[in-house]
Undergrad: 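Sharing a structure, written as structure tokens. Questions coming.
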There are 2 protein chains.
Amino acid sequence: MWPENNSDGQETPPRRSFIEEARRAQIIGAAITTIAETGFDAASLAQIAARAGISKGVISYHFAGKDELMEQVVTQVYTSVTESTLPRVLEQESAIAMLRTHILTIAAYMRDHREQLMALREIFTKFRTPEGRPHYGITANEGIYEALEGLYRAGQDSGEFRPFDTRVMAVSQQAGIDSMFDYWATHPDHDLDIHARELADLFEYAVRPQSPGP
Amino acid sequence: MWPENNSDGQETPPRRSFIEEARRAQIIGAAITTIAETGFDAASLAQIAARAGISKGVISYHFAGKDELMEQVVTQVYTSVTESTLPRVLEQESAIAMLRTHILTIAAYMRDHREQLMALREIFTKFRTPEGRPHYGITANEGIYEALEGLYRAGQDSGEFRPFDTRVMAVSQQAGIDSMFDYWATHPDHDLDIHARELADLFEYAVRPQSPGP
DNA sequence: TTAAATTCTGGCCATGTGGCCAGAAAATAA
DNA sequence: TTATTTTCTGGCCACATGGCCAGAATTTAA
């Protein structure tokens, strides 16, 4: 469960010195910046160490290897976005409001944490095992999909939503959000607010019951 | 315009011998298979040559470098999918029918050309210039976006579609299609037909005029 | 102050990369 | 047949990578 085991075998987080904690945070931050700026492949340990202003060996000393460093980056960013987003969604009272809030809140988070999300997306798409399988492919979204499916089913049960395949809707909504980020990251002048509102409209229309058109 | 210039400076396609043409096709095919199976990063010239059963130097002889080989792969796959898809869309008579046909036809193409599309997606997401910028990032979709926007505007002008931001709709629809492929590629037992029909429904509901719900 | 543990440095290593080339082999021309 | 061009081989190169280590520097403990 924890990345390291204590000698006493307890499943407690490893006790870390002040220096260790500070270095790990510094290195994780340098990794995020480096990956966001240069892409995953070019973010070598040497680059990350140079950005942090430390020797390359320090990373090897504080992390088991590049893999553990990448895992820590993912954990930190993923935790942060979830904590900033999920409560806002859950406090809504209708399924429709939850849907809108999900999209709008994530867009707001993107605006303030562009670097972190760029790093996360780089790692998700490019981090592979030695055998070539993704560490965090689309399967890493499974948790999100299941949460969204719960939201959809609630809306369908209450009659707010029409019947549809919840898995397809979840995959598509998450893809819509990811593409919003990708497009904005590539076109920084693109209006993220408008995009978010339009995307919320899109899915609101997509899920609502509707009599056949003329 | 063409990847190579003739000595006479004419902008004609380079005259290639039979052997040259066959080798290029063979190498492009081996590159597609290798990228699809092992991912872009692991698809070294050595791997591609080994799969083709030839010496590594042959690739250097027939292609200017790895970059030109990747470009040729993209060109071939992109041309193929466009030729198989676009005519079907254009023969439809209503904007709604075009929308549905676009999604369903691409899904059908996916089923029969999984390997090619996996390679294309690998190259799109991972092929970078030495400076770290993507060769074909999301900007490579610009042509698709513009075509879709034309379709949307036609539907809006005819009253088939509600008003919405066409750029956001185009980005989202393409993202929905790409995610359908990614999900299916990761979960081969996933029902691609159902997914395509549900996705077509999703966007049909999303674009149609609709009176506000209850 | 001295001793021990922690933290850091700079450099070395094996590995894999894309590009390149001299010369062998094969196809084509004379 | 012989001469010439095209095609191919196998190996070499410089470079970058992640991991590793001996010993120096620093912090903490006694």
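For clarity, every value in this text was computed on a predicted model and none was experimentally measured. Reminder, nothing fancy here: chain letters follow the sequence lines and each chain counts from 1.
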Undergrad: In whole angstrom, what separates B:I48's CD1 from C:dG16's C1'?
TA: 15 Å

Undergrad: Atom CD1 of B:I54 to atom C1' of C:dA26: distance rounded to whole Å?
TA: 16 Å

Undergrad: Check whether any side-chain nitrogen or oxygen of A:H62 sits under 4.0 Å from OP1 or OP2 of C:dT6, and answer yes or no.
TA: no

Undergrad: Taking donor-acceptor contacts at under 3.5 Å, does the side chain of B:S60 reach the base of C:dG19?
TA: no

Undergrad: Do any side-chain nitrogens or oxygens of A:S44 fall under 4.0 Å of OP1 or OP2 in D:dT17?
TA: yes

Undergrad: Measure the distance from CD1 on B:I59 to C1' on D:dT7 and round it to the nearest whole Å.
TA: 14 Å

Undergrad: Measuring from the side chain of B:K56 (C-beta onward, heavy atoms only), which nucleotide among C:dC8, C:dG18, D:dC8 has the closest atom?
TA: C:dG18

Undergrad: Below the 4.0 Å mark, does D:dC8 have OP1 or OP2 next to a side-chain nitrogen or oxygen of B:Y61?
TA: no

Undergrad: I'd like to know if the side chain of A:E149 reaches the main chain of A:R167, judged simply by a donor and an acceptor atom lying under 3.5 Å from each other, with no hydrogens or angles considered.
TA: yes

Undergrad: Grab the NZ-P distance between A:K66 and D:dG19 for me, whole Å please.
TA: 8 Å

Undergrad: Does the pair A:R114/A:E37 count as a salt bridge with the N-to-O cut at 4.0 Å?
TA: no

Undergrad: Using modelled atom types and a 3.5 Å cut-off, is there a donor and acceptor pairing between side-chain atoms of A:E68 and backbone atoms of A:A64?
TA: yes

Undergrad: Hey, is B:R128 close enough to A:D41 for a salt bridge, meaning N to O under 4.0 Å?
TA: no

Undergrad: Tell me every residue that passes ring pair (Phe, Tyr, Trp, His ring centres under 6.0 Å) with B:H190, counting only those two or more places apart in sequence or in another chain.
TA: B:Y183, B:H195

Undergrad: For a quick test of reading the model: is some side-chain N or O of B:R23 closer than 4.0 Å to OP1 or OP2 of D:dT6?
TA: no

Undergrad: Send over the distance from A:Q47 CD to D:dG18 P, rounded to a whole Å.
TA: 10 Å

Undergrad: Please state how far atom CG in A:D41 lies from atom P in C:dG16, giving the value in whole angstrom units.
TA: 17 Å

Undergrad: Between B:L45 (CG) and D:dG11 (P), how many Å, whole number?
TA: 18 Å

Undergrad: Would you indicate which nucleotide in C:dG19, D:dG10, D:dC8 comes nearest to any side-chain atom of B:S55?
TA: D:dG10

Undergrad: Please report, rounded to the nearest Å, how far the C1' atom of C:dT17 is from the CG atom of B:L69.
TA: 15 Å

